[in-house]
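In what follows, every chain begins at residue 1, and chains take the letters A, B, ... in the order their sequences are listed.
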Number of protein chains: 2
Amino acid sequence: MTRTFVSSPTREVIIGFDQPFVIIGERINPTGRKALAAEMKAGDFSRVESDAVAQVEAGAQMLDVNAGIPLADEPAILAKTVQLVQGLVDVPLSIDSSIVDALEAGLAVYQGKALVNSVTGEDEQMERVLPLVAKHGAAVVAITNDETGISENPDVRFEVARKIVNRAADHGIPKEDIVVDPLVMPIGAMGTAGRQVFRLLGRLRDELGVNSTCGASNVSFGLPNRQGINAAFLNMAMASGLTSAITNPLETEIRHAIMAGDVLTGNDAHANRWIALHRDPNAPEGGRARGRRRRAAVGEG
Amino acid sequence: MTRTFVSSPTREVIIGFDQPFVIIGERINPTGRKALAAEMKAGDFSRVESDAVAQVEAGAQMLDVNAGIPLADEPAILAKTVQLVQGLVDVPLSIDSSIVDALEAGLAVYQGKALVNSVTGEDEQMERVLPLVAKHGAAVVAITNDETGISENPDVRFEVARKIVNRAADHGIPKEDIVVDPLVMPIGAMGTAGRQVFRLLGRLRDELGVNSTCGASNVSFGLPNRQGINAAFLNMAMASGLTSAITNPLETEIRHAIMAGDVLTGNDAHANRWIALHRDPNAPEGGRARGRRRRAAVGEG
């Protein structure tokens, strides 16, 4: 059974088919958040801090950290954000950038085993990102597009995933450290987007035996009641093999759908977490920020 | 693409992988409803009537009708209930009994093409029920247990389904008229119950090419917030291949999860129904009872 380990200095999280689904908090990302982008560029990280703490307390087992701000020094800002977030919460991070220099700057300051987000199936990109992942002993998100773009055929995307897994092996990176992103398109624009992803996730689980993640909120773009679509999508994707997602844990409907999904995959043993949630609905569902957390032993995640 | 047609005198419903998910209303069933059982036995069908109308108005495309009352004349009561419900609403019915004489009595008065619920993989039962299904040109729910009971191994249940499909063919019943019930156990009692069903549904779709249904509410037996578990289960089962379910359309969370699922399978084209639901949340989601319905043409379903 494939297990992907990631860690902070004090906490280990396992992504796997026999594990509770891993929520990677999506909020620390200036893309589409103008106020946050302006603040981060100006050196004001107060919103990053509150987003970090709120997401972990809501149940995020990991946080994605992105500093993609136009005309800014992304490597420097990403490194600073990583350090700041690691000083505040004890969950492992996904270091998120399309710029390799930024990934490198983030990895240089990261403490623990990070998830690098991401590498594509493009040769040049693989040859730059994979050595970095190998050097730092990190795990990496593999995005299923290559030089030809994003195929609408899930079997073509599967071959891209396989290519990345094979290339990673050449760099000494085991498939346990590859988390494949099947690429989720807006269902409102492409009615086959859901079926494509469900089929691809099944093949990734059954044939390639790799973990997976995705930016789940994208699927509902342009539709009313996005939470309702996102929650249904996550449950359908979990049944198909998805083992983690970059999503918003502050949205109750999404968080609870994932918890119900864990009951149904058998990864919430005896439905203990589900029962506890309903016994005391005011209890915090996730971990605590540093200084307020109850336990900090490795293995808590 | 396998399509199962069922009908009332004025309405046809299609169960299929390329169709919106079919909700079969579960409420007209005295099992576990003492008041309803006593009323039906005494000839008082007022609750049957209100349940029929309410479920159709809430969005049920079919209704399950069961008259399993201890020490009562089940064939007579089932036939009377079928006639009464058909006089009231125009959706096709699932005629539900474990007593073959009751199925026969229900079929004798049914107008249209019914769904017979059910036949198991037991030889004696198949040899009694399948000729009845063939004689009336009905469709039938095939339950995946046989003389040896219900296997916890989904691959054994798959072979039971295959056996029923083959035996039905001997009676001239095409596989399009077989709707397989994978048998859903309470997840609280058996942590593998979900995975079993998801795997079996995938094989039923991909290898046997048959439609499926299940008593979905059973999965959450004994757990808190049963609607939350049921909704997640239905979405996960839809992704795995489930094309209909016997469930409660009066529960909003379940109904909306199914509608979101239809968006994600691509069976709510352009998300039209989902968008309409959120444009006017007070609009009736389902059909109308007889005399109040807007359209009655065959093919409306």
Modelled atom types, side-chain donor and acceptor of D96(B) and S94(B), under 3.5 Å:
no
Closest non-hydrogen atom pair between N230(B) and I254(B), with its separation
CB-CD1, 3.8 Å
Side chain, backbone, both or neither: which part of N267(B) has a heavy atom under 4.5 Å from chain A?
side chain
I'd like to know which of G266(B), P224(B), A231(B) tops the heavy-atom pair count under 4.5 Å against chain A.
P224(B)
Rounded to the nearest 0.5 Å, how far apart are OG1 of T144(A) and CZ of R162(A)?
14.0 Å
Counting only non-hydrogen atoms closer than 4.5 Å, can you tell me which residues of residues 207-216 of chain A sit against chain B?
none
Heavy atoms only: give me the nearest R157(B)-I150(B) pair and the separation to one decimal.
NE-CG2, 4.0 Å
Sequence neighbours excluded, the answer for ring-ring contact (aromatic ring centres under 6.0 Å, His included) partners of F198(A) is F233(A)
Q55(A) side-chain N/O to P249(A) backbone N/O, donor-acceptor pair under 3.5 Å
no
Checking R33(B) side chain against R27(B) main chain: does a donor-acceptor pair fall under 3.5 Å?
yes
Of the non-hydrogen atoms in L200(A) and P154(A), which two are nearest, and what is the gap between them?
CD1-O, 3.6 Å
Rounded to the nearest 0.5 Å, how far apart are CD1 of I246(B) and CG of D64(B)?
4.5 Å
Looking at T4(B) and E176(B), would you say the former's side chain and the latter's main chain have a donor-acceptor pair under 3.5 Å?
yes
Applying a criterion of heavy atom separation less than 4.5 Å, what residues of residues 234-242 of chain B form contacts with chain A?
N235(B), M236(B), M238(B), A239(B), S240(B)
Could you look at L264(A) and say if it's the side chain, the backbone, both or neither that has a heavy atom under 4.5 Å from chain B?
both
With chain B, which of G228(A), A271(A), A269(A), S220(A) has the greatest number of heavy-atom pairs at distances under 4.5 Å?
G228(A)
Give the minimum heavy-atom separation between D268(A) and R273(A), together with the two atoms involved.
OD1-N, 3.0 Å
Output the distance between atom CG (N29(B)) and atom CG (N66(B)), rounded to the nearest 0.5 Å.
3.5 Å
Heavy-atom closest contact (S217(B) atom, T247(B) atom, distance)
OG-OG1, 3.9 Å
Give the member of A232(A), G261(A), A257(A) that has the highest number of heavy-atom pairs under 4.5 Å with chain B.
A232(A)
Sort by residue number and list every member of residues 179-197 of chain B having a non-hydrogen atom under 4.5 Å from chain A.
I187(B), G191(B), G194(B), R195(B)
Which atoms of I275(B) come close to chain A, meaning under 4.5 Å heavy atom to heavy atom: side chain ones, backbone ones, both, or neither?
both
Please report the shortest heavy-atom distance between D262(B) and T265(B), naming the atom on each side.
O-OG1, 3.2 Å
Would you compute the distance between atom CD1 of I24(B) and atom CG of N248(B) and round it to the nearest 0.5 angstrom?
13.5 Å
Separation of R226(B) CZ from H278(A) NE2 (nearest 0.5 Å):
13.0 Å
